[in-house]
Amino acid sequence: MLDKTYQPQTIEGEIYAAWEKADAFAAGRPERAGAKPFAIVIPPPNVTGSLHMGHALNNTLQDVLVRFERMRGRDVLWQPGTDHAGIATQMVVERQLMERQEPGRRAMGREAFIRRVWQWKEESGNTIVGQLKRLGCSCDWSRLRFTMDDGLSRAVRKVFVDLYRAGLIYKDKRLVNWDPELLTAISDLEVEQIETKGHLWHLRYPIEGTEFDPDNKASYIVVATTRPETMLGDTAVAVHPEDERYKSLVGKNAILPLVGRRIPIVADEYSDPEKGSGAVKITPAHDFNDFDVGRRHGLPMVNVLSPDAKLLLDPNPEFAQGVAPSAELRTTILELNGVFRFAARKLIVERLESQGLIEKIEPYVHTVPHGDRSNAVIEPRLTDQWYVDAATLAKPAIEAVKRGRTTFVPKNWETTYFHWMENIQPWCISRQLWWGHQIPAWYGPDGKAFVAEDEAGAKAEATSHYGKAVALTRDEDVLDTWFSSALWPFSTLGWPDKTPELARYYPTDVLITGFDIIFFWVARMMMMGLDVMEEAPFRDVYIHALVRDEKGQKMSKSKGNVIDPLDLIETYGADALRFTLAAMAAQGRDIKLSASRVEGYRNFATKLWNAARFAEINNCVPRPDFDPATAKVTLNRWIAGESERSLAAVTEALTAFRFNEAAGAIYHFIWHVYCDWYLELCKPILAGGEAEAAETRAMAAFVLDRALVLLHPFMPFVTEELWAERASEKGRPSLLMLAPWPEHRGLADAQADAEIGWLIRLISEVRSVRAEMNVPAGAKVPLVIAGASAETKARVARHEETMLRLARLDKVEFGKPPAGAVQIVLDEATLALPLAG
RNA sequence: GGGCGCGUAGCUCAGCGGUAUGAGCACUGCGUUGACAUCGCAGGGGUCACUGGUUCGAUCCCAGUCGCGCCCACCA
């Protein structure tokens with residue numbers, strides 16, 4: 001006998017254990033001949049992370065799909081794994097060292113530090129796996145992978161070497177986004193532009209050959225800048241070629257204040273006459289635009305910042321370019337040297353001001369680049385880094401989507417994808433970190449790089465290059481964490497080996513992920529998949545929204561508005577949380593989550609539980625020999641048809657990734673069709689003649705089973721529990737998750753629909769009138785039906801008992817409506833309730 | 001500067017070219033004769049942001065306005 005209420009906490013763990021014990025999630029289960037494969041790779045969560053609402057949504061949707069397809073007979077592989085998350089993980093461990101007042105990373109040395117990170121990974125790396133299990137995720141855990149596994153690392157090295165040999169990976173000296181806090185280059189995607197209040201300093205640069213006089217405008221040219229400290233690295237001033245104000249100055253030189261260097265005034269269309277003073281200082285080593293201008297004009301690049309953003313000045317500045325450094329200049333240099341950039345800014349401004357070299361200072365709002373991890377202000381810096389030729393790899397990736405080989409759902413994300421892919425910049429993949437895949441490049445004594453999958457390979461190449469064995473040093477940098485995740489769809493399947501899994505499950509069917517990593521991850525998987533496997537890694541890409549709090553704010557620890565999915569699971573059960581997330585996953589909209597909604601769906605689980613309890617009490621057990629198509633009782637024919645409609649609705653919606661519609665359809669069917677009406681209407685039949693009662697018991701059980709199956713992808717625990725409970729007597733397979741999805745049998749019956757529809761409307765109408773007229777519930781009233789057809793009379797005869805009970809009537813009669821009665825028109829008949837006004 | 005999305009019940013959201021049978025929560029009334037008080041039944045509550053247009057008909061399609069959010073972009 002089932003308990004009166006459903007207690008998820010007491011059974012979810014056991015059920016999950018039973019699934020694992022039965023090996024129910026393994027690819028190839030259940031064994032069915034000729035099953036079509038269906039594969040999903042999980043977006044690998046950070047090893048050090050713990051389950052947040054975004055994971056809960058993402059993985060619920062995947063599990064719904066995976067369970068659905070498994071029940072539909074597909075051979076499902078849901079490939080799980082975790083990501084090493086280079087910067088994030090390194091920061092976590094570094095912070096931990098600091099908190100424990102242990103020696104820092106550099107004091108520790110590279111090897112010891114990496115050992116430490118691995119240790120941390122072993123200790124807490126599988127927290128998130130346990131949490132995914134708590135959610136009910138049916139991944140094939142026997143295939144769990146980690147981006148720094150031996151196998152995946154081998155894939156990384158091989159792809160790196162192959163792309164290098166194909167000229168698609170190269171080393172280049174360019175400006176990069178430099179994070180002066182983490183002391184590493186980062187990619188464009190890891191930079192956030194943040195609107196900041198600052199100032200615009202208008203600086204006067206004296207013209208060579210004139211005596212600088214603040215009152216003589218001809219003696220200087222004004223340039224505007226938001227970063228005055230970079231002026232030390234200026235190597236030109238640019239004006240627009242058409243700008244009449246400055247035409248006469250082009251070709252002349254300015255003298256760089258404080259430094260004394262002679263810098264040319266050049267004409268370049270980059271300069272915008274509308275902006276600032278119309279003349280712009282050019283600092284090629286510290287600004288992306290200036291870098292281009294510098295290249296066009298062959299300007300020298302003067303780096304004035306050390307990696308940690310301190311000014312770095314040569315006390316014997318060659319860059320003064322022939323101007324002998326005066327004593328004053330030397331003092332200035334010594335004073336500024338090694339000063340942190342923002343302090344230096346202040347010093348430089350003061351110094352310029354004292355010399356009358358500042359025309360004005362305006363308040364100015366502009367966007368300033370910040371590192372997304374460190375939150376430090378990024379400095380463009382000229383360094384040697386490794387790059388992927390993304391523009392070349394992007395071409396087939398664009399084609400694949402244009403030709404419909406891969407489809408985004410919702411479709412409008414394709415616009416975003418195309419826009420980014422068509423304007424893609426070289427991808428900087430080297431990071432000056434320790435935690436990650438070390439770049440497989442070794443350098444000879446003269447700095448020549450030898451790229452190979454291992455040191456022996458590099459040595460062989462070096463030996464043949466130099467004609468003798470030489471000492472090699474390995475590149476110290478590691479790869480961007482997204483490099484290894486870009487290979488995820490095939491590296492997890494065993495590539496570069498030709499494994500059976502790779503042949504069977506690649507390309508995968510669908511990727512489910514959030515829009516925030518379309519560029520970071522989806523685009524890169526497309527590029528790598530097409531290049532390495534020559535086939536796009538997935539057929540569909542389903543993009544879901546972000547989960548926000550109930551006020552629509554992004555959840556963040558600092559705001560304190562984080563809803564922990566594990567808390568909700570603890571309180572309401574995993575099923576309720578899953579159902580909520582699926583029901584709210586409408587396409588193209590953020591999800592504002594509130595606990596009350598979860599509570600509502602917990603109640604839904606209870607409702608279902610009690611329907612099963614009703615079935616149990618009334619002995620409604622599934623009969624293997626029962627064929628619903630042979631049902632004779634109108635009510636039974638009706639509910640069979642209704643169950644077909646919900647089957648079609650759920651199947652169709654899930655096939656089209658409309659999770660909310662699917663959830664809504666099964667919810668409506670179970671609660672508002674099966675429970676509200678069928679179970680109520682079948683009570684008198686169960687108490688009546690044996691033949692009809694037996695058929696009804698069988699039908700009630702048949703439809704309940706169907707409901708459990710349809711609901712299972714959303715609420716796997718409660719459905720499994722009820723299935724097992726009901727199965728115990730009959731020896732059918734007890735694992736609902738391996739049961740087949742129902743087939744459409746064409747059970748709809750128009751006559752039954754009409755009759756039961758009529759009955760439901762009649763009862764509803766009478767109830768409605770009673771409520772409006774404030775008739776006490778205990779009071780029974782008569783119903784008089786006028787103009788009833790023979791059919792109506794027959795229907796009343798068949799359902800009179802039900803009508804009396806559910807509409808609280810004391811009798812039903814035919815005849816003229818009494819004067820003053822409330823009348824309702826239902827089909828051809830008029831219902832009249834003689835109620836005292 | 002480009003691009004995307006959103007404004008529907010008190011709140012959080014579905015939905016849709018044909019009178020909004022909308023969902024959860026909240027609210028009101030009635031109800032514990034055994035499936036279910038973690039409940040049932042019924043009810044109140046919506047000029048579907050605004051203005052034009054297309055249409056027999058618009059909340060839905062189109063244009064514009066207002067409000068809100070997000071993404072991309074090197075602007076001094």
Side-chain angles (χ1 to χ4, degrees), chain A residues 2 4-7 175 188-189 193 200-203 223-227 230 238 270-272 274-283 287-292 364 366-367 369 380 410 412-413 415-416 418-420 423 515-516 518-519 545-546 548-554 572-573 576 579-580 583-584 586 588-618 620 658 660-661 663-664 667-668 671-672 675-676 679-680 683 761 763-764 766-772 774-779 805-808:
Chain A
L2 290 168
K4 214 168 166 187
T5 54
Y6 172 53
Q7 303 294 343
L175 276 192
D188 297 344
L189 289 176
Q193 302 292 340
L200 191 60
W201 285 269
H202 294 250
L203 314 181
V223 294
T225 180
T226 54
R227 294 187 299 157
T230 64
Y270 162 64
S271 179
D272 181 348
E274 306 291 313
K275 293 259 163 66
S277 63
V280 58
K281 67 196 256 323
I282 299 298
T283 323
D287 183 283
F288 288 97
N289 291 305
D290 293 6
F291 181 83
D292 293 339
Y364 195 71
H366 60 139
T367 58
N412 48 332
W413 286 111
T415 316
T416 308
F418 289 138
H419 183 259
W420 190 70
N423 296 288
F515 65 82
D516 49 329
I518 291 179
F519 304 143
L546 237 54
R548 298 170 179 278
D549 75 0
E550 49 199 322
K551 296 194 196 83
Q553 306 251 345
K554 207 168 174 171
Y572 302 112
F579 200 89
T580 308
M584 297 187 81
R589 224 197 224 209
D590 286 344
I591 295 177
K592 294 189 191 125
L593 189 75
S594 68
S596 65
R597 188 87 185 249
V598 183
E599 188 176 354
Y601 290 125
R602 185 273 317 269
N603 295 349
F604 172 55
T606 306
K607 184 75 180 172
L608 173 70
W609 183 268
N610 280 291
R613 196 158 172 267
F614 175 88
E616 188 183 41
I617 289 168
N618 288 284
C620 301
R658 290 197 294 267
N660 59 322
E661 280 182 27
Y667 178 93
H668 175 77
W671 200 312
H672 298 307
C675 292
D676 283 358
L679 293 186
E680 288 305 325
K683 282 173 183 174
R761 272 180 293 140
I763 294 168
S764 299
V766 173
R767 281 173 172 172
S768 189
V769 168
R770 291 181 61 115
E772 268 168 44
N774 288 318
V775 179
R805 187 169 54 92
L806 295 182
R808 295 173 187 274

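Note that these values count all heavy atoms, side chains included, but never hydrogens, waters or copies made by symmetry. By convention in this document, chain letters (A, B, ...) are assigned in the order of the sequence lines, proteins followed by strands, and residues within each chain are numbered from 1. Just so it is clear, the model here is predicted, and its values are computed rather than measured.
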Separation of [N] [atom2] from [X] [atom1] (nearest whole Å):
X	N	atom1	atom2	answer
A:H672	B:C39	NE2	C1'	13 Å
A:W413	B:C70	CH2	P	13 Å
A:E599	B:A23	CD	P	18 Å
A:W420	B:C71	CH2	P	16 Å
A:E274	B:G1	CD	P	14 Å
A:F515	B:C6	CZ	P	13 Å
A:F519	B:C4	CZ	P	13 Å
A:H419	B:C71	NE2	C1'	10 Å

Within the structure shown, what part of the strands sits under 4.0 Å from [X] by heavy-atom distance: base, sugar-phosphate, or nothing?
X	value
A:S271	base
A:D676	sugar-phosphate
A:F291	nothing
A:F579	nothing
A:H668	nothing
A:T606	base
A:Q7	base
A:Y572	nothing

Please state the [atom1] separation for the pair [N] and [M] - nearest whole angstrom.
N	M	atom1	answer
B:U21	B:C4	P	32 Å
B:U54	B:C60	P	14 Å
B:G69	B:C74	P	23 Å
B:G57	B:A20	C1'	16 Å
B:A58	B:A49	P	15 Å
B:C48	B:A42	P	26 Å
B:U65	B:A9	C1'	26 Å
B:G7	B:C41	C1'	34 Å

So if I take every side-chain heavy atom of [X] and compare against [options], which nucleotide ends up nearest?
X	options	answer
A:N603	B:C74, B:C39, B:A35	B:C39
A:E680	B:G31, B:U12, B:C36	B:C36
A:S596	B:C25, B:U33, B:C36	B:C25
A:N412	B:A35, B:G31, B:G5	B:G5
A:N660	B:U12, B:C39, B:A14	B:A14
A:M584	B:U12, B:C25, B:A35	B:U12
A:N610	B:C36, B:C41, B:G24	B:C36
A:Q193	B:G24, B:C74, B:U38	B:C74
A:R602	B:A35, B:U12, B:U38	B:U38

Is a donor on one side and an acceptor on the other found under 3.5 Å between the side chain of A:N610 and the backbone of A:R613?
no
So, does A:R597 use its side chain to make a donor-acceptor pair with the main chain of A:M584 at under 3.5 Å?
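Checked: no pair found.
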Identify, between A:A612 and A:G600, the residue whose nearest nucleotide on RNA chain B lies closer to the 5' end.
A:G600
Any [X] side-chain N or O less than 4.0 Å from OP1/OP2 of [N]:
X	N	value
A:Y667	B:G24	yes
A:R613	B:C36	yes
A:K683	B:G34	no

Strictly under 3.5 Å: I want the nitrogen or oxygen pairs between protein and nucleotides 42-45 of chain B, one per line.
unit_1: B:G43; atom_1: OP1; unit_2: A:S768; atom_2: OG; d: 3.0

Kindly write out the residues that satisfy side-chain hydrogen bond (donor to acceptor under 3.5 Å, both in side chains) with A:Q193, not counting sequence neighbours, or none if the list is empty.
none
So do the side chains of A:P380 and A:D287 get within less than 4.5 Å of each other, counting heavy atoms only?
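They are not in side-chain contact.
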May I ask you to test the A:L203-A:T225 pair for a side-chain heavy-atom distance under 4.5 Å?
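They are in side-chain contact.
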Where do A:F519 and A:T416 land on the side-chain contact (heavy atoms from CB on, under 4.5 Å) test, with the steps shown first?
CA-CA 9 Å; A:F519 304 143; A:T416 308; 3.6 Å; yes
Rounded distance (nearest 0.5 Å) linking atom CZ of A:F604 with atom OG1 of A:T580:
11.0 Å
Please step through side-chain contact (heavy atoms from CB on, under 4.5 Å) for the pair A:R602 and A:T606, ending with a clear verdict.
CA-CA 7 Å; A:R602 185 273 317 269; A:T606 306; 4.1 Å; yes
Would you call the rings of A:Y667 and A:H672 parallel, tilted or perpendicular if under 30° counts as parallel and over 60° as perpendicular?
perpendicular
Could you check A:Y270 against A:N289 for side-chain contact (heavy atoms from CB on, under 4.5 Å), going step by step and ending with a plain yes or no?
CA-CA 8 Å; A:Y270 162 64; A:N289 291 305; 3.5 Å; yes
Given the rule in the side-chain contact (heavy atoms from CB on, under 4.5 Å) test, do A:H202 and A:V223 qualify, once you have shown the distances and angles that lead to the verdict?
CA-CA 6 Å; A:H202 294 250; A:V223 294; over 6 Å; no
A:K281 and A:D290: which non-hydrogen atoms are nearest, and at how many Å?
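For A:K281 and A:D290, the tightest heavy-atom pair comes out as O-OD2, 3.3 Å.
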What closest approach, in Å, do A:W201 and A:T226 show between heavy atoms, and which atom pair accounts for it?
CZ3-O, 3.5 Å
Whenever both distances are under 3.5 Å in a Watson-Crick or G-U wobble pair, mark it; put RNA chain B into dot-bracket that way, with [ ] for crossing pairs and | when the partner is on another strand.
(((((((..((((....[...)))).(((((.......))))).....(((((..]....))))))))))))....
